[in-house]
Amino acid sequence: MATSTTGIEEIAGTASSGQKGIVQQSLKLFHSDDNFSSELGRRIIVTEVNYGPAPGGDGTRNRMVGHVVTEVEVTKDMTNGIGSLHGGCGAFLVDVCTSAMLMLFEETGWRQVYTGVSSTLNMSYHAPAPIGTKLRIVSTSVAVGQRTANARCEIYDKARGTVIATGTHLKMKPSTPNSKL
């Protein structure tokens, strides 16, 4: 099982070692400073990375699918007043985990803009996750183009298989300003 010091060879999945490394490094990069949720971000562990043609797809970049599985344990700093996963923390997990997954799409330029900016992030909450719950976070690309990317994410209680929360995330590449020289 993966730990916070997981080597690339310990990460399961069909993606190349380089792709697995990019996903793992992106989570570290997103949380390298002491910024919002940096401590939590550093605790997210990559356990599986897959990248390949969608079933029935022809393998072109718009039909490639990224799929990343991460894990983290619910701790006090992630909870609400009743001691379970805070909704805002669930949204944070969807944001960073789907963003890390988008780093797989080098051919569409997502890696160069560090996954763009969020346009919409929609959440649904299904069950509580108290302190000590090990979360399994599954992020999958839905559609990735040159300007926008859409991903979905499910957060599970790893031990029980219960769905804790689901989210969809639409990201955009920022516009490049035109030079007026």
Side-chain angles (χ1 to χ4, degrees), residues 13 15 19-46 48-55 57-72 78 80 85-127 129 135-156 163-180:
Q19 289 171 317
K20 291 174 182 179
I22 288 292
V23 170
Q24 188 174 53
Q25 280 302 115
S26 68
L27 285 171
K28 290 180 183 175
L29 177 66
F30 295 156
H31 306 290
S32 58
D33 296 326
D34 288 330
N35 53 19
F36 174 75
S37 298
S38 58
E39 287 298 318
L40 168 56
R42 287 190 277 267
R43 295 193 309 259
I44 299 170
I45 300 163
V46 179
E48 184 179 338
V49 179
N50 297 291
Y51 182 73
D58 61 3
T60 61
R61 72 172 169 247
N62 289 332
R63 292 297 303 143
M64 298 300 280
V65 174
H67 177 87
V68 172
V69 179
T70 54
E71 294 180 359
V72 69
M78 300 167 65
N80 56 24
L85 182 69
H86 189 285
C89 187
F92 166 79
L93 292 170
V94 169
D95 182 11
V96 298
C97 292
T98 56
S99 294
M101 179 272 303
L102 287 175
M103 296 296 276
L104 292 169
F105 290 86
E106 177 178 25
E107 72 275 5
T108 56
W110 284 96
R111 198 177 300 166
Q112 286 74 31
V113 294
Y114 296 105
T115 72
V117 295
S118 296
S119 176
T120 61
L121 195 145
N122 297 303
M123 295 294 299
S124 294
Y125 301 94
H126 310 287
L135 301 177
R136 180 174 186 264
I137 306 158
V138 180
S139 302
T140 308
S141 62
V142 175
V144 179
Q146 295 296 319
R147 293 269 305 140
T148 63
N150 191 303
R152 70 175 184 266
C153 186
E154 295 87 29
I155 301 174
Y156 297 93
V163 178
I164 303 299
T166 54
T168 58
H169 194 186
L170 177 63
K171 298 202 77 160
M172 298 175 55
K173 288 183 187 174
S175 299
T176 305
N178 294 331
S179 175
K180 296 186 181 189

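Quick caveat: nothing in here was measured; it's all calculated off a predicted structure.
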Taking the side chain as every heavy atom from C-beta outward, state whether [X] and [Y] have any pair of such atoms under 4.5 Å apart.
X: Val65; Y: Pro53; result: no
X: Ser118; Y: His169; result: yes
X: Val23; Y: Met101; result: no
X: Arg147; Y: Met172; result: yes
X: Leu27; Y: Thr70; result: yes
X: His126; Y: Thr166; result: yes

> Quick one: does Ser139's side chain have a donor or acceptor within less than 3.5 Å of a partner on Cys153's backbone?
Replying inline: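 No, because the side chain of Ser139 does not come within donor-acceptor range (under 3.5 Å) of the backbone of Cys153.
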> Got a donor-acceptor contact below 3.5 angstrom from the Lys173 side chain to the Thr148 backbone?
Replying inline: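 It does not hold such a pair.
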> What residues form a ring-ring contact (aromatic ring centres under 6.0 Å, His included) with Tyr125, not counting sequence neighbours?
Replying inline: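 Residues passing ring-ring contact (aromatic ring centres under 6.0 Å, His included) with Tyr125: none at all.
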>> Testing Ile164, Val72, Thr98 one by one against Leu93 for a side chain to side chain contact (heavy atoms under 4.5 Å, CB included), which residue passes?
In response: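 Going through Ile164, Val72, Thr98 one by one, the side chain to side chain contact (heavy atoms under 4.5 Å, CB included) with Leu93 is satisfied by Val72 alone.
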> Of all heavy-atom pairs between Gly13 and Asn50, which one has the smallest distance, and what is that distance?
Replying inline: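 Heavy atoms of Gly13 and Asn50 come nearest at CA-OD1, 3.2 Å.
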>> Which residues pass the side-chain contact (heavy atoms from CB on, under 4.5 Å) test with Gln25, not counting sequence neighbours?
In response: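 By the side-chain contact (heavy atoms from CB on, under 4.5 Å) rule, Gln25 matches Lys28.
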